[in-house]
Amino acid sequence: MALYSDKVMDHFQNPRNVGKIEDADGIGEVGNAKCGDIMRMYIKVSDGVITDCKFNTFGCGSAIATSSMATELIKGKPIEEALELSNKAVVEALDGLPAYKLHCSVLAEEAVKAAVKDYYDKNGIAYDPEMFNNLEDCEHCHE
């Protein structure tokens, strides 16, 4: 059995939506230098819909693949729907990840949420702070 699914390998070797959006409506950066994975997610929003998103990730192949898949899953979706993106959905869309790499999918989920939070903050949109509580501490990183 292969360690990584074909989809993980495809998104690692051919990542979608890599880059930076210069005039992004929201930017989220999550990660921790100790665990070695840092993701920055950029979103462009029009009429409440994510019309474009890009990412830059410094990390392992799983981190790159989960970032890539997360952008594919939220692009074209209403911002509220993007907020519901779970790390489990990212893992399922990639046909699985090894258990010791699941923290990468958590980072992808958090990067999306951090970008949405930034968008809300920049536009004075009220939100429940509880939705973003876990962004401050890197719970998935070990040590």
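Side chains are part of it too, since the values below use all heavy atoms of this structure and drop only hydrogens, waters and symmetry mates.
Note on Val8: it clusters hydrophobically with Leu102, by side-chain heavy-atom contacts below 4.5 Å among ILVMFWY residues. Side-chain heavy atoms closer than 4.5 Å link hydrophobic residues (I, L, V, M, F, W, Y) into clusters, and following such links, even through other members, never connects Val49 to Tyr119. Cluster annotation: Ile21 is not connected to Ile50 through the hydrophobic network of ILVMFWY side chains, with a link wherever side-chain heavy atoms come within less than 4.5 Å.
Considering only heavy atoms from C-beta on, Asp37 stays 4.5 Å or farther from Thr57 through its side chain. Lys77 has its side chain out of reach of Leu85: every pair of non-hydrogen atoms, C-beta onward, lies at least 4.5 Å apart. For the pair Thr71/Lys54, no side-chain contact is recorded, criterion being any heavy-atom separation below 4.5 Å from C-beta on. At least one side-chain heavy atom of Ile27 sits less than 4.5 Å from a side-chain heavy atom of Arg40. Lys117 is not listed as a side-chain neighbour of Leu83, based on a closest heavy-atom distance of 4.5 Å or more. Side-chain contact check for Asp95 versus Asp6: every heavy-atom pair is 4.5 Å or farther apart. A heavy-atom distance below 4.5 Å is not found between the side chains of Asp52 and Tyr42. Annotation: side chain of Asn56 is in contact with side chain of Lys20 (closest heavy-atom distance under 4.5 Å).
Smallest separation of non-hydrogen atoms from Val30 and Ala114: CG1-CB, 4.0 Å. The two atoms that bring Met41 and Ala70 nearest to each other are CE-CB, 4.4 Å, heavy atoms only. Contact detail for Leu3 and Pro98: the closest heavy-atom pair is O-CG, 3.6 Å. In terms of heavy-atom proximity, Val112 sits nearest to Ala82 at CG1-O, 3.7 Å.
The 12-atom threshold is not exceeded at CG of Asp47, counting heavy atoms of other residues, nucleotides or ligands nearer than 6.0 Å.
Between Tyr127 and Tyr120, the ring-plane angle classifies as parallel under the 30° and 60° cut-offs.
The line from CG of Leu94 to CZ of Phe12 is 13.0 Å long, rounded to the nearest 0.5 Å. Note that the NZ atom of Lys113 and the CD atom of Glu84 stand 9.5 Å from one another [nearest 0.5 Å]. Between the CD1 atom in Ile64 and the CZ atom in Arg16 there is a gap of 13.0 Å [rounded to 0.5 Å]. Separation of atoms CG (Asn87) and NE2 (His103) is listed at 12.0 Å; rounding is to 0.5 Å. Atom CG of Asn17 and atom CD1 of Ile43 lie 13.0 Å apart (nearest 0.5 Å). In this structure, Met69 CE and Asp10 CG are separated by 8.5 Å, a value rounded to the nearest 0.5 Å.
If you run side chain to side chain donor-acceptor pair (under 3.5 Å) between His11 and each of Ser67, Ser68, Ser62, only Ser68 comes through.
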